[in-house]
Amino acid sequence: MSEEFDLDWLDLREPFDSLARSEALAARLLQHLPARPRLLDLGAGTGSLFRWLAPRIGRAQAWTLVDSDREMAEAAFDTIADRAEAIGLRVTFPNRRTLLVHAPGGAWRVEVLIADLAEAPDNLPLRNVDAVLSSALCDLVSAAWLERMAAALRLPFYAALCVDGRASFTPPHPADAWVAAGFRRDQGRDKGLSGPALGPAAPAAIARIFGAHGFTVESAASDWVVRGRGGFTHPSLRDRSARFLTEVVLGHAAAAERQDRRGAARIEGWSTARLEQIAERRLSARIGHRDVLALPGERRG
């Protein structure tokens, strides 16, 4: 897998991801998990999805965090341990590959698997898990990758925070549509996962491909919503919102420019105006995502 993400960016976006994910769809997933679920988290990064979902499961559980980046894996253990201890949970390390968070309802066991997701699902321990999860991954994969995954699974498949192509900034700017079109084209670049990335087509592709393999597919909106003034009751989110919006604006501009070098001046003008609005706390944004849950039906034949 060639697409890489900065640790600082993952840390910055985590609370906004947490607010965006659909509680209702996560609850549907939990209804289909056994008493002590074993979960495989693909492209896990520093463990953001674990930190969000494990408390909602509440009871004893076992996670395997899959990532191709060894630095990410080490950061996941450190971050999970630090956050757990910060809320009063005890953490132990039975061995170098395993972390235990001792929660009131039972221990949360975490292991890390270093694996190239381009080779998935052949290199994944699918027989030893009860569900396959991901967050902010499936818009990076290709249709061929999804097809292989759907063909291999008879387990719940949960894909949180898939971009769906909707993006709006307030106040409006004359170049909004121009930048958005370039950004959407860039999302289709080959990210090293078996061909051109699905980008905003990911939610519909999951529904189509898993549906063809007998899965029942549900989805729910999970938009990032960031306001320039107000909107967050927690001080840490208010403090982060300007930095987060800055990264969103710069990311949109860089992606659009990759697709339209001749429009660089126009894109730069858009970016400059948006950064000024962030400094003045006047910019708000909604970036569309969907969470998708595919549940297996009866195997045919």
Side-chain angles (χ1 to χ4, degrees), residues 1-6 8-10 12-13 16-17 20 43 45 118 134-146 159-206 208 219 221-228 240-280 282-292:
M1 180 175 175
S2 61
E3 195 77 358
E4 297 180 356
F5 295 92
D6 181 81
D8 290 339
W9 165 240
L10 295 180
L12 179 61
R13 67 176 283 174
F16 299 95
D17 287 349
S134 66
S135 186
L137 173 69
C138 282
D139 44 62
L140 307 178
V141 310
S142 65
W145 189 96
L146 269 187
L161 295 170
C162 302
V163 296
D164 65 6
R166 294 175 297 116
S168 62
F169 294 89
T170 306
H173 186 280
D176 280 345
W178 186 284
V179 172
F183 181 73
R184 284 193 296 269
R185 288 196 300 272
D186 192 72
Q187 287 179 310
R189 285 186 297 110
D190 190 330
K191 308 301 197 313
L193 290 165
S194 303
L198 288 165
I206 295 170
R208 182 181 72 253
S219 72
S222 53
D223 297 354
W224 283 340
V225 180
V226 191
R227 297 176 178 85
R240 284 175 181 242
S241 62
R243 288 191 293 135
F244 182 73
L245 280 171
T246 297
E247 292 300 321
V248 169
V249 164
L250 293 176
H252 274 67
E257 191 169 339
R258 276 194 296 269
Q259 298 297 317
D260 184 10
R261 298 291 185 186
R262 288 182 292 183
R266 187 175 187 179
I267 295 166
E268 184 177 353
W270 177 88
S271 177
T272 298
R274 291 313 195 188
L275 293 176
E276 290 174 353
Q277 290 165 348
I278 293 170
E280 297 164 355
R282 293 195 298 116
L283 184 66
S284 298
R286 177 183 288 271
I287 309 299
H289 297 83
R290 293 197 73 80
D291 294 350
V292 187

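Any value given below was found using the heavy atoms of this structure, including those in side chains, with hydrogens, waters and symmetry copies removed. For clarity, every value in this text was computed on a predicted model and none was experimentally measured.
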Can you say whether the rings of Phe244 and Trp224 are parallel (under 30°), tilted (30 to 60°) or perpendicular (over 60°)?
perpendicular
Inter-residue atom distance His289.NE2 - Cys162.SG, 0.5 Å rounding:
8.5 Å
What verdict does the side chain to side chain contact (heavy atoms under 4.5 Å, CB included) test give for Leu283 and Thr170, after you've listed the backbone C-alpha separation in whole Å, the side-chain angles of each residue and the deciding distance to 0.1 Å?
CA-CA 6 Å; Leu283 184 66; Thr170 306; 5.9 Å; no
Only distances under 3.5 Å count here; give the side-chain donor-acceptor pairs of residues 194-202 to other protein atoms, sequence neighbours excluded, each with its distance to 0.1 Å.
residue : atom : partner : partner atom : Å
Ser194  : OG   : Arg148  : NH1          : 3.1
Ser194  : OG   : Arg148  : NH2          : 3.2

List the residues meeting ring pair (Phe, Tyr, Trp, His ring centres under 6.0 Å) with Phe169, not counting sequence neighbours, and say none if there are none.
His252, Trp270
Roughly how far apart are Cys138 SG and Arg290 CZ, rounded to 0.5 Å?
14.5 Å
Close side-chain approach of Arg258 to Arg189, heavy-atom, < 4.5 Å
yes
Donor-acceptor under 3.5 Å (Ser134 side chain, Leu137 main chain)
no
Full working for side chain to side chain contact (heavy atoms under 4.5 Å, CB included) between Arg240 and Phe16:
CA-CA 9 Å; Arg240 284 175 181 242; Phe16 299 95; 3.9 Å; yes
Closest heavy-atom contact between Asp139 and Val163?
OD2-N, 2.9 Å
What distance do Ser241 atom OG and Ile278 atom CD1 have between them, rounded to the nearest 0.5 Å?
9.0 Å
Within residues 161-176 or reaching into it, pairs that qualify as salt bridge (charged side-chain N to carboxylate O under 4.0 Å, His left out) - sequence neighbours excluded
Asp164-Arg166, Arg166-Asp223, Asp176-Arg274
Rounded to the nearest 0.5 Å, how far apart are OG of Ser284 and CG of Leu245?
7.5 Å
Just how far is it from atom CD1 of Ile267 to atom OG1 of Thr272, taken to the nearest 0.5 Å?
11.5 Å
Got a second to check how far Ile287's CD1 is from Ser222's OG, nearest 0.5 Å?
12.5 Å
By side chain to side chain contact (heavy atoms under 4.5 Å, CB included) - contacts of Ala181 (at least two apart):
Arg184, Arg185
Side chain to side chain contact (heavy atoms under 4.5 Å, CB included) with Ser168: which residues, sequence neighbours excluded?
Arg286
Using side-chain heavy atoms (C-beta onward) and a distance below 4.5 Å, is Val141 in contact with Lys191?
no
Run the side chain to side chain contact (heavy atoms under 4.5 Å, CB included) test on Val226 and Val248 for me, step by step, so that the C-alpha distance in whole Å, both residues' side-chain angles and the decisive distance to 0.1 Å come before the verdict.
CA-CA 10 Å; Val226 191; Val248 169; over 6 Å; no
Side chain to side chain contact (heavy atoms under 4.5 Å, CB included) partners for Arg208, two or more places apart
Ala205
